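Here's the structure we're looking at; comments come further down.
This one's a predicted model, so the numbers in the text were calculated from it and none came from an experiment. Order of the sequence lines sets the chain letters (A, B, ...), proteins ahead of strands, with each chain counted from 1.
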Amino acid sequence: MADKITPRAQDYPQWYLDIVKQAGLADNSDVRGCMVIKPTGFALWENMQRALDRLFKATGHVNAYFPLFIPISYLAKEEEMAEGFAKECAVVTHHRLKAEKGKGLYVDPEAKLEEPLVVRPTSETIIWRTYKDWIQSYRDLPILVNQWANVVRWEMRTRLFLRTAEFLWQEGHTAHATQAEAEEETLRMVRIYQQFAEEFMAMPVLVGPKTEGQKFPGAIYTLCIEALMQDGKALQAGTSHFLGQNFAKAFDVTFQNDKGQREYAWATSWGASTRLIGGLIMTHSDDNGLVVPPRLAHTHVAICPLGKTDEERSASLAAAEKLAAELRGLPRCEFFGYEPLTVKVDQAFDKSPGFRYAEYELRGVPVRVEIGPKDLEKSACAVARRDRPGKDGKAFGVPLAGAAQHIDQLLRDIQASLFNRAKEFRESTTRTARTYDEFKEMIELPGFIWAHWDGTRATEDRIQEETKATIRCLPYDGPSEPGTCMISGQPSARPVVFARAY
RNA sequence: CGGGGUGUAGCUCAGCCUGGCUAGAGCGCGUGGUUUGGGACCACGAAGUCGCAGGUUCGAAUCCUGUCACCCCGACCA
């Protein structure tokens with residue numbers, strides 16, 4: 001028997017770690033705060049990348065790549081950003097080692113860099129330095145570039161996927177001729193993140209601006225998507241920033257408009273990272289293991305042929321291969337990214353059936369099919385859906401004729417049911433606080449809290465200090481009636497959403 | 001940076017207080033056999049500089065000093 005997964009109810013953080021490790025997604029590495037993303041985990045990321053990349057391209061973006069190293073003087077140019085990231089930057093100061101017998105390998109003091117290079121914590125500065133060379137005229141705009149990259153933020157405390165010192169992400173950096181166009185882009189991209197989260201990850205999100213205190217350093221404002229994890233804590237899952245002309249001014253990026261006047265370009269940036277994998281886990285998985293929504297699954301269907309004798313096994317195996325071929329041969333469609341379904345025929349006859357079932361549950365394969373002698377007598381198979389773990393989700397007697405179509409539909413049903421379940425959980429744990437006392441009681445419960453806030457930093461800070469809750473965002477969709485701040489009694493245009501967060 | 005803890009086989013840990021023969025267990029791994037419709041079992045086997053350095057001692061995983069690393073709590077955290 002494999003190591004047990006700690007039940008969620010007993011110790012949620014330990015459950016999360018157990019899932020990550022036992023489903024084979026990632027491991028801690030020898031380098032503090034950095035992780036090894038294993039093939040199974042990386043496959044999830046690749047599927048996320050593929051889906052997001054399609055959405056970006058469909059909205060006119062192209063990919064490019066900028067350097068890992070940023071001269072320290074670039075980072076210094078935008079004051080807010082310099083201040084915001086100063087405490088978490090890795091810095092390269094030398095370009096050579098020396099190997100000497102007896103002394104081993106050491107940094108060559110002769111090889112000190114003229115100017116230290118910062119390992120990018122984010123790429124606005126190096127990219128805007130580059131855009132200075134790309135932009136002369138309004139005809140050069142907009143620039144709609146995205147890059148897939150790794151970044152380093154030297155965090156004090158890390159957690160696999162949710163916060164690691166090095167992480168993988170995409171960062172979009174766009175330049176526009178007008179403020180209105182840049183603001184449209186900012187909104188467009190946060191809505192793309194929402195679409196991705198909800199349609200692919202089956203993870204419902206709130207969408208809206210961050211408060212002044214929570215925005216990205218260097219931004220005019222930050223829009224975000226906020227998801228709710230099963231333990232009732234919020235997770236910021238993607239951000240889109242309107243940067244105004246801050247970076248254009250810092251790097252002197254101007255263009256001539258159609259009237260021949262010089263203007264500074266308008267900027268946006270937006271990013272989502274491997275943190276999404278953490279969000280995916282904490283939205284759907286259960287005490288039996290990982291649960292992956294079919295649209296992001298690396299293996300859609302696992303077929304387990306059964307049998308005690310060679311004759312039984314070869315008959316089951318033949319039926320399994322036939323079904324696998326039918327599944328792979330289903331018409332390609334948008335829902336699965338125009339790729340064929342991935343089907344694994346499991347031939348581990350030396351393992352007990354129970355072990356094989358548990359293994360696919362642990363790894364989050366959305367649909368498992370069992371074909372044994374008893375099924376073949378009836379030309380049928382057993383089909384188990386991962387969103388309902390154990391025997392509850394298993395249906396016997398599914399006719400082999402038409403099984404492929406049945407499973408295709410089942411995968412779509414699972415995708416929808418995961419989203420609905422997550423949304424119901426969010427709705428059932430979302431509360432409205434009318435007074436601060438009420439709020440303090442509610443914050444001890446899982447979930448989001450709507451409450452009125454006077455819009456000041458002081459009130460926001462006080463609430464955080466006293467309750468550890470932060471304003472997650474000022475959602476676009478939701479109640480909008482005015483009221484009064486639960487603390488100061490000052491007028492509030494509309495309620496905002498609080499939660500404790502990752 | 002403050003507080004606490006842990007370093008012994010791939011993993012989880014026992015042994016340390018009270019020094020002593022060849023350093024142990026479970027899981028995992030390898031080989032062979034019996035099993036197989038919800039995490040099978042038997043037999044045999046491989047595998048450890050006891051984090052590192054120094055000291056005390058006839059003798060150190062065990063005692064002392066130093067050091068490094070990691071984990072947890074806090075502070076910090078697009």
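The partner of B/rG24 is B/rC13, by the rule that a Watson-Crick or G-U pair needs both atom distances under 3.5 Å. In this entry B/rC41 has B/rG33 as its Watson-Crick or G-U wobble partner, both defining distances falling under 3.5 Å. Base pairing annotation: B/rU6 forms a Watson-Crick or G-U wobble pair with B/rA69, both donor-acceptor distances under 3.5 Å. Taking a pair to require two hydrogen-bonding distances under 3.5 Å in either a Watson-Crick or a G-U wobble arrangement, B/rA46 remains unpaired. Pairing for B/rC77 is absent, with no Watson-Crick or G-U wobble pair whose two atom distances lie under 3.5 Å. Across every strand in view, B/rU56 sits unpaired, with no contact that passes the Watson-Crick or G-U test at under 3.5 angstrom.
In this structure, A/Phe439 has its ring center closer than 6.0 angstrom to the ring center of A/Phe498.
Between the CH2 atom of A/Trp154 and the C1' atom of B/rC1 there is a distance of 17 Å, rounded to whole Å. We find that CG of A/Leu160 is positioned 10 Å from P of B/rC72, with the value rounded to whole Å. If you take CG of A/Leu17 and P of B/rC11, they are 16 Å apart, rounded to a whole angstrom. A straight line from CD of A/Gln14 to P of B/rU12 spans 11 Å, rounded to a whole angstrom. Taking atom CZ of residue A/Arg159 and atom P of nucleotide B/rG74, one finds them 11 Å apart after rounding to whole Å. Regarding A/Asp11, its CG atom lies at a distance of 11 Å from the P atom of B/rC72, rounded to whole Å. Computed from coordinates, the A/Glu83 CD to B/rC76 C1' distance equals 15 Å when rounded to whole Å. The interatomic distance linking A/Arg363 (CZ) with B/rG39 (P) rounds to 19 Å, in whole Å.
Within 4.0 Å of A/Ser273, counting heavy atoms only, lies at least one base atom of the nucleic acid. Here A/Pro373 lies in heavy-atom contact (under 4.0 Å) with a base. Contacts of A/Asn28 with the nucleic acid, taken as non-hydrogen atoms under 4.0 Å apart, are absent. Using a 4.0 Å heavy-atom cutoff across all strands shown, A/Phe167 reaches at least one base atom of the nucleic acid. When heavy atoms are screened at a 4.0 angstrom cut-off, A/Gly390 is found touching base atoms of the nucleic acid.
Nucleotides B/rU56 and B/rA9, compared at atom C1', are 30 Å apart to the nearest Å. Taking atom P in both B/rU36 and B/rG20, the straight-line distance is 49 Å, to the nearest Å. Atom name C1', nucleotides B/rU35 and B/rC13: the rounded distance is 31 Å, in whole Å. Rounded to the nearest Å, the gap between the C1' atom of B/rU22 and that of B/rC41 is 31 Å. Comparing the P positions of B/rC42 and B/rG28 gives an interatomic distance of 11 Å, to the nearest angstrom. To the nearest whole angstrom, the two C1' atoms, one in B/rC16 and one in B/rC63, are 10 Å apart. Comparing the P positions of B/rG54 and B/rA14 gives a spacing of 28 Å, expressed to the nearest Å. Taking the C1' atom of each, B/rC71 and B/rA47 are spaced 26 Å apart, rounded to whole Å.
Listed by chain and residue number, A/Arg368, A/Lys394 satisfy the salt bridge (charged side-chain N to carboxylate O under 4.0 Å, His left out) test with A/Glu370 (two or more places apart in sequence, or in another chain).
Between A/Thr222 and A/His241, the side chains place a donor N or O and an acceptor N or O closer than 3.5 Å (distance only, hydrogens not considered). Side-chain N/O atoms of A/Asn246 and A/Tyr264 include no donor and acceptor closer than 3.5 Å. In this model, a donor atom of one side chain and an acceptor atom of the other lie less than 3.5 Å apart for A/His61 and A/Glu185.
Cation-pi contact between A/Lys98 and A/Tyr106: absent, since separation from the ring centre below 6.0 Å together with deviation from the ring axis within 45° is not met. At least one cation-pi condition fails for A/Arg129 and A/Phe66: the charged atom is not both under 6.0 angstrom from the six-membered ring centre and inside a 45 degree cone around its axis.
When distances run from any side-chain atom of A/Glu88 to the nucleotides B/rG37, B/rC77, B/rC1, the shortest one goes to B/rC77. Minimum atom distance to the side chain of A/Glu361 is reached by B/rG38, of the listed B/rC77, B/rG39, B/rG38. For A/Tyr357, the listed nucleotide lying nearest its side chain is B/rG38; candidates were B/rG38, B/rC77, B/rG39.
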Requested in this report: Let me see the working for A/Thr174 and A/Thr268 under side chain to side chain donor-acceptor pair (under 3.5 Å), right down to the final yes or no.
Outcome: CA-CA 5 Å; A/Thr174 67; A/Thr268 81; 2.4 Å; yes

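In this structure, the side chains of A/Trp128 and A/Val253 come closer than 4.5 Å at one or more pairs of heavy atoms.
Between A/Lys87 and A/Ala358, the residue whose closest nucleotide on RNA chain B is further toward the 5' end is A/Ala358. A residue-by-residue look at A/Thr158 and A/Phe396 shows that A/Phe396 has its nearest nucleotide of RNA chain B further toward the 5' end.
In this pair, A/Tyr12 and A/Trp15 present their aromatic rings tilted. The plane angle is within the 30 to 60° band.
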Measure all distances between protein nitrogen or oxygen atoms and nitrogen or oxygen atoms of nucleotides 32-36 of chain B, and list the pairs falling under 3.5 Å.
residue : atom : partner  : partner atom : Å
B/rU36  : O2   : A/Phe349 : O            : 3.1
B/rU36  : O2   : A/Lys351 : O            : 3.2
B/rU36  : N3   : A/Arg313 : NH2          : 2.8
B/rU36  : N3   : A/Phe349 : O            : 2.9
B/rU36  : O4   : A/Arg313 : NH2          : 2.1

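Dashed line: the shortest gap from a side-chain N or O of A/Lys374 to OP1 or OP2 of B/rG37 is not under 4.0 Å.
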